[in-house]
Structures are given as structure tokens and as C-alpha cells.
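The residues of the chain are indexed from 1 along the displayed sequence.
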Amino acid sequence: MPSKQQQESDDLDDRDLAYRIAQAVFDRRTELGWSQKQLAEAAGMRQPHVSRLEAARSLPSLDVLSRVAEALGTDLMVCLVPRTAGHASAPAASAPRRTTEGVPR
């Protein structure tokens, strides 16, 4: 179980990511001259969902991000990079490992 300090740090990281996503979506939408309703229709969602996304109220799922990226005519890129020194943490010994073994390519 993560410590209170680690949980607070993770929450800050999530909020930072949510704000960066929100800003990118807002910037591209306004660049296109679209309203939130137009984006919602193009992405197959409702306008209040776009509003929550742009307000960074929560982290959207990859499915939502994929639909929004497609609607905005952009590519969705997910990048895994090593953390900076002092912020890196090794995975817990009991943490499940993900593998691509047996996954069709």
C-alpha cells in the first residue's frame, strides 16, 4: 500500500497529466474553430464530457483520448520514458508483470 506522501505525489502527477491533456485538446479544438459541441459530435460523445475533459476534472481513458484525437485529426502518442533521478522507483516484487507473449502482432 502506498504511503500518504506517495499517494499525494501520484495525485499531483495525475492532475498535471490531466491539465496537459486538457490544454492540448482545447488548443487543437480552438485552432480548428470548433465548439465543444462540434468536437463532442465528431468524437461520438456528449458536450458535457468534452467540458469535463477540458477542465481536467479527471484523466480520460485511452479509448476517449483515441476518439478525441481522431476527431481532431491528430495522432495519439503514448510515450514511456525513464523517470528522472530521485523520482524513480522500482516495481514492487508482488506487482504483476505485463508481457506481450502470445499477443498477435
Tell me who clusters with F26, hydrophobic residues only, linked when side chains sit under 4.5 Å apart either directly or through other members.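 Result for F26 is none, singleton.
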Who clusters with L32? Use side-chain heavy atoms, under 4.5 angstrom, across I, L, V, M, F, W and Y, and order the result by chain and number. L17, I21, V25, W34, L39, M45, V50, L53, L59, L62, V64, L65, V68, L72, L76, V78
In short, side-chain hydrogen bond (donor to acceptor under 3.5 Å, both in side chains) pairs touching residues 64-82 with sequence neighbours left out are D63-R67
Applying salt bridge (charged side-chain N to carboxylate O under 4.0 Å, His left out), which residue pairs with at least one partner in residues 30-47 are found, sequence neighbours left out? R28-E31
Check: Q23 side chain, R20 main-chain N or O, donor-acceptor pair, under 3.5 Å: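 Looks like no, no N/O pair under 3.5 Å.
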Heavy atoms only: give me the nearest A18-S58 pair and the separation to one decimal. CB-O, 4.1 Å
For the student: nearest non-hydrogen atoms of Y19 and A56, plus distance: CD2-CB, 3.5 Å
Taking only residues two or more places apart in sequence, or in another chain, which ones meet S51 in a side-chain contact (heavy atoms from CB on, under 4.5 Å)? Q36, Q47
Checking R52 now: which residues fulfil side-chain contact (heavy atoms from CB on, under 4.5 Å) with it, not counting sequence neighbours? P48, H49, R57
E54 and R29: side chain to side chain contact (heavy atoms under 4.5 Å, CB included), yes or no, with the steps? CA-CA 10 Å; E54 290 186 357; R29 179 180 63 77; 2.6 Å; yes
